[in-house]
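Please read the structure below before turning to the comments.
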Amino acid sequence: MEEMPDPVKTSEDAQRYNPAEIEPRWQARWDADPALYAAEDPTSGKPKYYCLEMLPYPSGQLHIGHVRNYAIGDALARFMWMRGANVLHPMGWDAFGLPAENAALKNNVPPREWTLSNIAAMKKQFRRLGMSFDWSREITTCLPDYYRWNQWFFLKMFRAGLAYRKKSKVNWCPVCCTVLANEQVVNGRCWRHEDTLVEQRDLTQWFFRITRYADELLAGLDTLDGWPEKVRTMQRNWIGRSEGAEVTFPVHNCPDSMSVTVFTTRVDTIFGATSLQLAPEHPLIQHWTSFDMELAPAVEQMIAQQTAARESGDLGAIEKHGIPTGRSATNPFTGEQIPIWVANYILADYGTGAIMSVPAHDERDFDFATKYNLPIRRVVAPNLDTDDLALPYLAEEEGVLIDSGEWTGEPCLEAQGKMAAFAEAQGFGKATVTYRLKDWGVSRQRYWGTPIPMVYCDCSPDEPIPVEESSLPILLPEQIHITQEGGSPLGRVPEFVNTTCPRCDGPAKRETDTMDTFVDSSWYFYRYTDAHNDQAPFNSDRANYWFPIDQYIGGVEHAILHLIYSRFWTRVMRDLTGPDGQPLIRNSEPAARLFTQGMVIKDGAKMSKSRGNVVSPDLMIDRYGADATRMYALFAAPPDRDLDWQEDGVAGISRFLARIYRLATKYAALSQAEDRQAIPEDRSTQSSESVRLLRALHQTIGKITQDFSGRWHFNTSISSIMILVNEIVASEPAMDAGRISPPVIVETLQSLTQMIAPFAPFLAAELWQELNGNGVVFRHPWPSASEFWAHEDEVEIPIQVNGKLVTVLRIADGADEPALKAAALADEKVAARIAGKSLVKTIVVPGKLVNLVVK
RNA sequence: GCCCGGAUGGUGAAAUCGGCAGACACAGCGGACUUAAAAUCCGCAGACCAGAAACGGUCGUGGGGGUUCAAGUCCCCCUCCGGGCACCA
């Protein structure tokens, strides 16, 4: 910061805050002391607290959003240590992924080398920021000691039927040259390339059966009180549970006794069904088009149009249209024959890919029937006597069935249950539940990921063979030539592909796809509890001690990626047994509390290289120091809100820290003379200035302690510290004149140092030493707020007349209603305001206000 | 279309349970110190009206209505912004 050479330190200079000198000095001391932030054993007897921020991708540089994320978690971790908890605060690297391969293509650096050097650079930044991570538990997901457990889990899941292979339509990103999970497709585009449309390809891929846990994942959301409602809502929408019924309609006059099964949430309206609508990709349609030379081109054209619309992103704008197939099916409830259509708005992969169309009671069916002149038949009404009703009539809660055979007169909701049961009894349907959630596609046609531990052998032509657990890890070959053509890069490494079959010992070929990187992050936080275990992913006792995570902190962008996958994985592990036959873990949810911090923006816009508004953390630290940078990130806005980065604000925080530094060093000598001693709670022993200072101090302690336990509005925590510092500055004359005793000054400055410790750890460590504090400030017990000293003798009571403020009176605390009323009426301004009017009502809220209502 | 957030001075924001709107900062303006500047310290500061000034008045938390002695806060309607989901049967 200060470039000027200044070999001779004057006493003036000694009091100048110089983070460029302080911070590296403490950083070196902390780096040399790995025990400082190490979690203790369960035997410590302290309450455990697992504080975790989402691990970063090692891109090579922390950005300012990271600084904010980790400043929040670091403040919390330090606070919990000071409150006496056994804190686990680990860090690691989400180190597999495409950028490493892209860098390899571009700069000809091996992905491993690129990734590891990025990690080293970012670790340096973390240390420079003074983050309190327990580096002894560091994990790096691209190293075999980590990813071998991905493979281990994969084998367990394969055996449990949770990992399986199927051919299906999958999302393909032409830039990444790989398949993407549904969760990685945003508005039809790749989550990594917002300009790149995702294509649909038919491929055989590995899936994890997340749908088996769909109901549990949904129900579990209700138990997550400590999660933001927003995230819970997003997950509910993503899972998209829909209760309804399936009904099978036999195709009329069909030699092969074919049928169409539809999914509907309104089986009660089935008497109003006037057609069936099938997705163009529906197997039955595909069957007919194989020989129906009239239908085939029309359906083909429909699919082509759909594909085009999907790729241009305006699927919603495309007009709904259909093609009659010329075939019909029998409604099993009525025996009636209704026509079968192909319609472009029916999704092949939702429900059964076929619906029954009830124009009278569904908006879209109504539009469709109107367009094609299909009959519209009313079967629901508010009551049996309604004969004039605007259609479509959508109500189901207050509706009853009409013209529906034996169900006529039944309320809709009851009819739904009864009719589904009837269908099941008759063998042509059943009540069922459909989800929007699909199984998680985990195969990636890329190199830099965990190899999938399966082999293909002629001895088992239909079923891939899992490798032996003892042969793990299946190592990712290094020094390979990476290209983006011709499928998975591993397929071009014969030493990798060619292996022996674990079943027949004959020659076999390995799976050459790798796992989605979200696999790595689905369980990484368990590994921290036992990071060096080479016998198991982790020891169950250790995981059970630390889990669930007490506080998880990260960006909301993972609401339906990482945060749903890891909830799934937690349940899978709970249902797997470890080597001792016990469940691997006991908890069903990974994190008791989740906090999603807001984005850091600049000049009202998201930071991006193309906008040229990226703020570099290193530059901020160079100019103002790590403490000021971190503290500003917490001060500028409440942590859940977006934060607009203003460099002037960082400078302001730096000035504030400099003021603290000046005060603490100025009076440091006082603390050298005597040990800190408890201030007896007795006002008679203290000057009025001391009482005033102690009051400000204890009010601040109370405020910050409360902020940490509840709202996390660190912006107001820091502003209350500023108020305290302003009060200390105002007390300086009294301190210098000896009217405030040294023990009070020392108490105040040491407590102040403790209170800034979660936010500005370097300065806190420096001042704790200057002030002769005991031990390490981050482990020193958090100061407790004294009610006695915080108490105000007089409170300001606003006096209103007809709800308008007239004056503010200082009145003794605890004054009762009559006293407050009398004081208000005795005031000159009040008297002037109510002169000539009659007092009709007096509202007195003791300790709050007086409102005189006059006419 | 549906579901979540949000809107307060020039700026970031505060007001935690219906009780003084704008704490604390940033930027700004004025002053002290200084040969000067930086740094530091002190002071002013929602808008409008009136006034030499002190003092005073009116309006004011996206807009409209309501409840209440009292509304940024509660209720109803609307606008705009951000985010999520979306031919989901």
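Convention: sequence-line order gives letters A, B, ...; per-chain numbering from 1.
- Here Glu363(A) lies out of heavy-atom contact (under 4.0 Å) with every strand.
- Using a 4.0 Å cut-off between charged side-chain N and carboxylate O, Lys703(A) and Asp707(A) make a salt bridge.
- Proximity of Tyr350(A) to the phosphate of rA89(B): a side-chain N or O atom is located under 4.0 Å from OP1 or OP2.
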When the side chains of residues 727-735 of chain A are checked against the rest of the protein, which donor-acceptor pairs come out under 3.5 Å, sequence neighbours left out?
| unit_1 | atom_1 | unit_2 | atom_2 | d |
| --- | --- | --- | --- | --- |
| Glu727(A) | OE2 | Arg692(A) | NE | 2.8 |
| Glu727(A) | OE2 | Arg692(A) | NH2 | 3.3 |
| Ser731(A) | OG | Glu727(A) | O | 2.8 |
| Glu732(A) | OE1 | Arg662(A) | NH2 | 3.1 |
| Glu732(A) | OE2 | Arg662(A) | NH1 | 3.1 |
| Glu732(A) | OE2 | Lys666(A) | NZ | 2.5 |

Dot-bracket for RNA chain B, please, read 5' to 3', with Watson-Crick or G-U wobble pairs under 3.5 Å on both distances, ( ) within the strand, [ ] crossing, | other strand, . unpaired. (((((((..(((......[....))).(((((.......))))).((((......))))..(((((..]....))))))))))))....
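- Evaluation of the side-chain contact (heavy atoms from CB on, under 4.5 Å) rule for Arg436(A) yields Trp238(A) as partners, not counting sequence neighbours.
- Phosphate contact (OP1/OP2 of rA89(B), side-chain N/O of Ser242(A), threshold under 4.0 Å): present.
- Contact annotation for Glu229(A): no contact, since no heavy-atom pair falls under 4.0 Å across all strands.
- The shortest distance between the side-chain N/O atoms of Arg232(A) and the OP1/OP2 oxygens of rG84(B) is not below 4.0 Å.
- Ile560(A) comes within 4.0 angstrom of the backbone, heavy atoms only, and of no base.
- Within 4.0 Å of Asp365(A), counting heavy atoms only, lies no atom of the nucleic acid at all.
- Residue contacts shown for Arg833(A) are limited to sugar-phosphate atoms, with no base heavy atom under 4.0 Å away.
- Scanning for side-chain hydrogen bond (donor to acceptor under 3.5 Å, both in side chains) contacts around Asp642(A) gives an empty result, with sequence neighbours left out.
- Within the structure, no pair that satisfies the side-chain hydrogen bond (donor to acceptor under 3.5 Å, both in side chains) test touches residues 837-855 of chain A, not counting sequence neighbours.
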Once each nucleotide of nucleotides 17-25 of chain B is scored for protein heavy atoms under 4.0 Å, what B/S/- sequence comes out, 5' to 3'? --BB--BBS
